[in-house]
Amino acid sequence: MTLTVNGRPLETDAPSLEALLAELGYADRKVATAVNGTFVRATLRAETSLAPGDQIDVVVPMQGG
Amino acid sequence: MTLTVNGRPLETDAPSLEALLAELGYADRKVATAVNGTFVRATLRAETSLAPGDQIDVVVPMQGG
Amino acid sequence: MTLTVNGRPLETDAPSLEALLAELGYADRKVATAVNGTFVRATLRAETSLAPGDQIDVVVPMQGG
Amino acid sequence: MTLTVNGRPLETDAPSLEALLAELGYADRKVATAVNGTFVRATLRAETSLAPGDQIDVVVPMQGG
Amino acid sequence: MALKLYDLEVGSRLLLGSALYPSPDILRRAIAASGAEIVTLSLRRETAGGRESAVLVSLIEEAAVRVLPNTAGCHSVKEAVTTAQMARELFDTPWIKLEVVGEEDTLAPDPFGLVEAARILTSDGFQVFPYTTEDLVVAEALLDAGCQVLMPWGAPIGSGRGLNNPYGLRTLRAHFPDIPLIVDAGIGRPSHAAEAMELGYDAVLLNTAVAKAGDPIAMAAAFGKAVEAGRLAFEAEPMEERDMASPSTPLAGLPFSMSEA
Amino acid sequence: MALKLYDLEVGSRLLLGSALYPSPDILRRAIAASGAEIVTLSLRRETAGGRESAVLVSLIEEAAVRVLPNTAGCHSVKEAVTTAQMARELFDTPWIKLEVVGEEDTLAPDPFGLVEAARILTSDGFQVFPYTTEDLVVAEALLDAGCQVLMPWGAPIGSGRGLNNPYGLRTLRAHFPDIPLIVDAGIGRPSHAAEAMELGYDAVLLNTAVAKAGDPIAMAAAFGKAVEAGRLAFEAEPMEERDMASPSTPLAGLPFSMSEA
Amino acid sequence: MALKLYDLEVGSRLLLGSALYPSPDILRRAIAASGAEIVTLSLRRETAGGRESAVLVSLIEEAAVRVLPNTAGCHSVKEAVTTAQMARELFDTPWIKLEVVGEEDTLAPDPFGLVEAARILTSDGFQVFPYTTEDLVVAEALLDAGCQVLMPWGAPIGSGRGLNNPYGLRTLRAHFPDIPLIVDAGIGRPSHAAEAMELGYDAVLLNTAVAKAGDPIAMAAAFGKAVEAGRLAFEAEPMEERDMASPSTPLAGLPFSMSEA
Amino acid sequence: MALKLYDLEVGSRLLLGSALYPSPDILRRAIAASGAEIVTLSLRRETAGGRESAVLVSLIEEAAVRVLPNTAGCHSVKEAVTTAQMARELFDTPWIKLEVVGEEDTLAPDPFGLVEAARILTSDGFQVFPYTTEDLVVAEALLDAGCQVLMPWGAPIGSGRGLNNPYGLRTLRAHFPDIPLIVDAGIGRPSHAAEAMELGYDAVLLNTAVAKAGDPIAMAAAFGKAVEAGRLAFEAEPMEERDMASPSTPLAGLPFSMSEA
């Protein structure tokens, strides 16, 4: 299926958000996630399944004012 | 019954807003009215009956900035 | 002799300031004059003789702030 | 004779500025002096004689901005 | 180019308040001296047998000015809306200067109540003149609510401080080049009014600065001239400010020097 | 109460410079629009066969204004004095706007040369209008030198910055309540001129702000009005500035509340 | 008396942003030089293999400062709320600097969205630091929404203009004597920061003025000192301003004069 | 780069006056807290058996600061010169803070007497610190007279108004890039001192703002920090001021949006 990850289209079979993060190499990275603009806490990533067209955001700490 | 007219208690038997205005000598004066904080247009004063405790405001043009 | 008139060298034989002004075509113009930075009133131009190297200023009204 | 010392009249026979300072108890104090508005350096006090009406100023360090 | 406030094309860009004058006659003459074509009034409960109101009403009628009723003193949306409705009937006008007081010391407008009341009133057919701050986002919300004129403050009502935040006012003007913007309140001296007009504001509304002057009539004339001056200057493109001097009198032909050939 | 500058009672409190206009005709119409009764001119060496000067002279004569010649560009006492003497003969007037330039970037007056030249000229019968700073002590010296009018700057000539030091100007006004004081130079916008007049200054002299405006004629009218506005306001006693708000619309009779008995 | 921001007692009253520095090392040294104990960070999508974020995170950990995450760039309530929730998990803190952008040119806060987001977040257990204007009524609404700190702007973000509306900021301070108030954004120079503190503000938050200085580390030290200076002065009761001079050096005992007996 | 005032390289850029303190002990501690290395004193006639002077002298000796004697209160050249000569003998220093009062209400310097006295004193071997205005031409004359340091006022002595004419001070600084310039008098709050230093002034001299503060010792420390902050900022090149906002937090990687490929 096709998802939008951090604003870019991605072809994947990842059944869950956790699986997607693993596939993207975020497995052991400290990130925060949102699906379709709604926050998904880390503990719920495994049980969060993904559907075609879902928009996923994966964010990390960055400089800010 | 006792009404509050322009913030002061008033004892009256006036059945309608129109009757009250007449009683108060506003009959031929250009005023605007509100009952319990809601505007009552002139054409509806006759059919606007009053109940004990009603708060009536009768206002006129005044200086303003 | 060589004079400096309004900042420019001028070869002339004019014996007096009045003669110089005539030579320069100022005869009938309303001007004010100074010789070597000192004011010479109109009535004294005839008796004001000139010497080589003298600096003459001839001025007229101009815009100003 | 009568002098003016620091703005106040003083009756004295002091022949010199040095004597006057001694008489006033300034002998061993660090002061600067002026006679009639003119500075008199310490080394010249002995040879500075005084005349009636002289104005003597004796100043010391004070707070200042 | 004339200024259009809703349906009305106005000549004078000075709007005048009618309160706090020493006497009705001084008010009358101040209106005339100011050249104002729009005067603000309020609604109040009758006091002292109605003479005061009657005198005021006939005075305004004779002055032949357009009345802009206000909701001064209202703290809630409901009070403001009901007052506006009473004003519409009493003055027979859709115009309303909408004030919803948010804070007592500054009489600052309540942006939340202001926008809500503006929405209710415009959808009820009113032509709203909202008294607001220089806040761009609130201004945007008031336009969304249907307002076609904005009246940002210069400073708190009656303070006479002039323009507290010229930067904010300049930004507001730049952001809404086509919306009539009127600086309302806080003006104390003609130079303040001229400054507002030089910033490109379309008009100025004031009251206390005239009414509380030693000579209200002369001060009304002064503000009339200052507003004209500021507007003329805005349209005439003022010179650019410079950091260094630039001789006004040309140096060419300066005496006592050698000419550069 | 009218303003008296030496022998002359003036109606208009705006003095106008004649330089830097796009054309003589625009100068002519700007003078008319400004209402100015006094116009400044300079002396320069003849250039281009004298047409320019002739046109200017007849224009000024037709305008029926009083000429105030200046010594612009003079850096020494001698230059200024000689220029003043030539001006007196050429314009047949004892008036002279005395400028002695002390520094190039700001065209700031040289207080030392200014006072010396003023002394020489007044004792020679001139009526001196010294272009000076807001310096109180220099002002005192100019009065001692015989000047009966002072012209402190608002800002450097041609800068259009307005009043750089309002405190200094206010202090100067307070210190010399009875001397005609004219803010000369630095004015850029009508609000600056109004501010100067509100401070109690007797008049304003400007040039670049009008001549270099996009529309000099309209700007001249704008400054005329602003100067009148500022003067009227000064005489009409402006309200006091307040830190907090004060309702212009009275609260008495406010609807929807219980009356305090 | 120390400043308490929610649970945290802070020593330094300067909060520093972490963006726009020439290099991570300069950021590290600027934080140290400023003395700041609180540093703002943002959340962004991973770029360039995550090096940048990793470097930043370890740098902040070594600096041993408290992190204040922001919602910079969010234009809607939902974006701001989701960003805050992600920040809480990522930084393990209830603190959030709440920004809801209302307008692009000024990055002015949206008072409507700000209050709504603040209400949602505080009821969800966040400790909100709202970036707001000097508007008293909006400030009141933010406190009603559960905020216990307010961060009014000095001027638009990154403008370096200082305090655009000192009157408004002074009024806000007077109105909320007991609420921690932090001037956030717009500060350009140390004198601006000192002025804010002299007005009685509890702290200052800035970023661009340090990061974009020629020497960010020296500038960080400068702001650290300026904030201390301003706070010390506020607590030490500055002298009253006077219109006239008052000799600092006493006149008593002045030489060359007759003494008054 | 260190500041050199005649022969002396100074570390601290704050010069402190010694007058008007609640007690000698508070003066002593204020000097220490300020970090000042130069303190001003005056000469006065002995009063009250000389205790006061003696206490002051030993206090200053213990503080190990350089003494800068002044001629405060002198109205004539002769008074100032004689006072300077007495000071040189008494304090054994060629340094003199030269004040020649020209006007009582503002204690404004007399430019004429100041320049004359400066010429006399420098040719007699003094190292003169003239208290002057921001007048460029007077400054030039003082340098011609042999002064190698200038001390323009910020505002009248003891007024605490800060910098009355920042434009004039900025112009003076630009005109004399290599002359040590010290803002003397008028400073009221640390932000004023920081502003002066940010303008590029080399140092600040003040007295009343510290001595008359509620807590002079804390205020002395505040000014010490503010002067350091302002100097650091000047050397660190502050950011440019902008009219519009500029996000400090980068927009790149902002969540919830589509990436531009």
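Chain letters run A, B, ... following the sequence lines, proteins first, then strands; residues in each count from 1.
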When G:N70, G:L41, G:I60, G:L90 are compared by non-hydrogen pairs under 4.5 Å with chain A, the top option: G:L90
Proximal component of G:E99, with respect to chain A [non-hydrogen, under 4.5 Å]: side chain
Crowding at CG, G:D92 (>12 non-hydrogen neighbours, <6.0 Å): no
Chain A-proximal positions within residues 110-132 of chain G [heavy-atom distance under 4.5 Å]: none
Within residues 14-24 of chain A, residues adjacent to chain G where the heavy-atom gap is under 4.5 Å: none
Toward chain G: residues of residues 44-51 of chain A with heavy atoms under 4.5 Å: A:R45
Reported CZ-to-CZ distance for the pair A:R8 and G:R45, which is rounded to 0.5 angstrom: 8.5 Å
Within 6.0 Å of NZ in G:K97, more than 12 heavy atoms from elsewhere: yes
Distance (rounded to the nearest 0.5 Å) between A:F39 CZ and G:E89 CD: 4.0 Å
Proximal to chain G - members of residues 54-65 of chain A, heavy-atom separation under 4.5 Å: A:D57, A:V58, A:V59, A:V60, A:P61, A:M62, A:Q63, A:G64, A:G65
Rounded distance [0.5 Å steps], CZ in A:R29 versus OG in G:S53: 6.5 Å
A:T38 backbone acceptor or donor facing G:T82 side chain under 3.5 Å: no
